Amino acid sequence: MATKTKSKSIGSMQMSKQLYQQQASKYQPKRNVLLNSIRAFWVGGAICLLGQILQNMYIHFFGFTEKAASNPTVATLIFLSVLLTGLGVYDNIGQYAGAGSAVPVTGFANSIAAAAIEHRSEGFVLGVGGNMFKLAGSVIVFGVVAAFIAGIVKTLFNMIF
Amino acid sequence: MDSKKQMSRVNRQTWHFSQDVRLQASAVAVGPKEGEGPLAALFDKIHEDMYAGQQTWEDAERQLMEDAVTTVLRKAGITDQDVDAILAGDLLNQNITTNFAAEKLAIPLLGMYGACSTSMLTLSNAAALVNAGYANKVIAACSSHNATAERQYRYPTEYGGQKPPTAQWTVTGAGAGLVGIGGSGPRITYATIGKVVDMGIKDPFDMGSAMAPAAVSTLQAHFRDTGRSPQTYDLIVTGDLASVGYPIVKELMRQDGYNMEPMYNDCGLMVFRPDQDVFAGASGCASSAVVTYSHIMDQLQKGLLQKALVCATGALLSPVSYQQGNSIPCIAHAVALEGGA
């Protein structure tokens, strides 16, 4: 990063990159963290509330056990997210809610569906198949690796104590 | 021959067109969102959907470029046979919009890439070819499409990621200008070719901050080389700096003793209304092209403007370069247009 301190010329002016970035930052509108947090909180909370309602519904009306009910609950949320992605609504929700709609399982489904739709024009195999995990892939890879490490730690812990 | 050369080369970066080189006609084709913007009445063709009647967005962008070029031919009352060359570019890998559109148009092609500065890169070179006598009539064209650019540079269009307020909205559209000797239309008098400037901005969602120094560099070179000042012009526009880069240029120019009030504006602030949810403003090759080839051309022809300077700005990044942690190199090219008839 030695170049950072080097003075550069913009027109007739000599200015370091650092000084320019400092000057430019005055004109860059910042993300409103508080407002974003509030929006993420209520939208994310609403998605989780919907999940809870779905789970209760599967338990009370369809006779699932509490543990077994989580599968159809997640499937329903994924279905709704993919539907909203296909209808072109989910990206608008995402712009409003930020992490609130990105973190729940609906966000994961959206990232897969969005990539699949986007690359449909390149065919099913190389387009849809090859690209649908473009965004979700890293979540899966690091999720599996993290789970693996956590599993080993737990096993070792149980063996020792 | 030497004297003519002298007359054409003003300085290292600036060319003077000694012949009566004119922007004889121009045309613009846009998508639906641009068609709801403040300049809609001046656009030649407004498509009602992003697909422009095609199967894919890439095909739609080609359609826009073909529309712009065929419309400019129609407006000038000539056929493709009368045009010696088309200089064109776009934002997609390998300039595919340009290459595919040019195959249909059957005009000899010089494909050019300058990211969003392509509008003035092609116009300046078109003027140079005509001025030097290598061609009688040349078309300069460029295009961008919101969805193809999103796919190329960012995420799938339906992905629900949140964009920061410094982000910009790529214009869906294409512009084409016909350059020739004589006739009506504004004269193309000077072109100033930019140097690549990189002030270390790395955020691909903040192109305005990245490109502003390149615009300042080219504008100052233009004024220095031509002996002109900002006050020479009734209108100076930059291509797509939007609400972040625009005030930065103003401030940097002020610090160097150039007063850019009140003639300075930015095409990125002219294509859309502020309430059209475009974050900081418009971007893309088409940002400067659709403004120059509609609004500015119109004003010059009506005599509402005497002298205009268009400084198109381009961010020369690729998805690979920014993922590898490189900052964003930028460039700007300026072309001076002067009173019609």
Side-chain angles (χ1 to χ4, degrees), chain A residues 1 3-4 6 8-13 15-21 23-32 36 39-40 81 84-102 106-107 109-122 131-132 134-135, chain B residues 54-59 147 150-151 155-167 195 197-203 205-206 208-210 212-224 241-253 255-258 277 279-280 325 327:
Chain A
M1 286 282 110
T3 49
K4 262 213 155 155
K6 211 177 93 186
K8 285 259 196 168
S9 65
I10 315 173
S12 58
M13 207 182 340
M15 191 184 260
S16 72
K17 288 187 176 183
Q18 256 165 339
L19 180 64
Y20 172 70
Q21 286 163 24
Q23 286 213 359
S25 72
K26 278 188 292 187
Y27 299 98
Q28 296 160 355
K30 301 286 173 284
R31 290 181 193 252
N32 188 333
N36 274 350
R39 286 172 170 180
S81 168
L84 290 174
T85 303
L87 293 173
V89 178
Y90 203 89
D91 57 331
N92 299 331
I93 299 174
Q95 182 59 39
Y96 174 86
S101 59
T106 50
N110 161 257
S111 73
I112 296 171
I117 295 167
E118 186 85 5
H119 294 277
R120 171 66 188 87
S121 63
E122 294 145 65
N131 288 294
M132 66 192 291
K134 205 162 91 173
L135 296 166
Chain B
Q54 304 298 311
Q55 293 295 312
T56 66
W57 286 317
E58 284 73 15
D59 283 346
E150 286 294 312
R151 180 223 282 262
Y155 300 115
T157 42
E158 297 303 333
Y159 175 59
Q162 192 181 44
K163 286 184 181 172
T166 51
K195 294 185 207 165
V197 179
D198 180 349
M199 292 306 282
I201 301 288
K202 289 186 171 180
D203 183 0
F205 286 109
D206 184 8
S209 301
V216 170
S217 164
T218 299
L219 287 171
Q220 292 195 4
H222 179 79
F223 297 137
R224 193 181 58 235
L241 298 179
S243 63
V244 181
Y246 172 73
I248 296 176
V249 165
K250 244 189 196 173
E251 172 61 20
L252 292 180
M253 291 297 280
Q255 288 177 14
D256 261 13
Y258 294 96
D277 287 334
F279 308 100
S327 51

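Residue numbers start from 1 in every chain, and the chains themselves are labelled A, B, ... in the order their sequence lines are given, proteins ahead of strands. Keep in mind that this is a model prediction, so the values were computed, not measured. Computed from heavy atoms alone, side chains included, the values below leave out hydrogens, waters and symmetry copies.
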To the nearest 0.5 Å, what is the distance between [atom1] ([X]) and [atom2] ([Y])?
X	Y	atom1	atom2	result
B:Asp198	A:Lys17	CG	NZ	4.5 Å
B:Tyr159	A:Lys134	OH	NZ	12.0 Å
A:Gln21	B:Ile201	CD	CD1	4.5 Å
A:Tyr20	B:Ile248	OH	CD1	4.0 Å

Side chain / backbone / both / neither for [X] at chain B, heavy atoms under 4.5 Å:
X	value
A:Lys30	backbone
A:Asn36	side chain
A:Leu135	side chain

Does a side-chain heavy-atom distance below 4.5 Å link [X] with [Y]?
X	Y	value
B:Asp206	A:Gln28	yes
B:Gln255	A:Gln23	yes
A:Tyr27	B:Ser209	no
A:Pro29	B:Thr166	yes

Decide if atom CG of B:Asp277 counts as having more than 12 heavy atoms of other residues, nucleotides or ligands within a radius under 6.0 Å.
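Open: at most 12 neighbouring heavy atoms sit under 6.0 Å from CG of B:Asp277.
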
Between B:Glu158 and A:Asn110, is any side-chain donor less than 3.5 angstrom from a side-chain acceptor?
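Looking only at side-chain atoms, A:Asn110 and B:Glu158 do not form any donor-acceptor pair under 3.5 Å.
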
For residues A:Asp91 and B:Thr157, report the shortest heavy-atom separation together with the two atoms involved.
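Closest heavy-atom pair between A:Asp91 and B:Thr157: OD2-O, 3.3 Å.
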
Heavy-atom closest contact (A:Arg31 atom, B:Pro165 atom, distance):
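Heavy atoms only, the tightest pair is CG-CD, 4.0 Å.
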
For the interface with chain A, which of B:Tyr155, B:Phe223, B:Phe279 has the highest count of heavy-atom pairs at distances below 4.5 Å?
B:Phe279

Only pairs of heavy atoms separated by less than 4.5 Å count here; which of B:Glu251, B:Gln162, B:Lys195, B:Gln55 has the most with chain A?
B:Gln162

Examine whether an atom of B:Ala280 lies under 4.5 Å from a heavy atom of chain A, and if so say whether it belongs to the side chain, the backbone or both; otherwise answer neither.
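B:Ala280 has no heavy atom closer than 4.5 Å to chain A.
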
Which residues share a salt bridge (charged side-chain N to carboxylate O under 4.0 Å, His left out) with B:Arg151, sequence neighbours left out
A:Glu122, B:Glu58

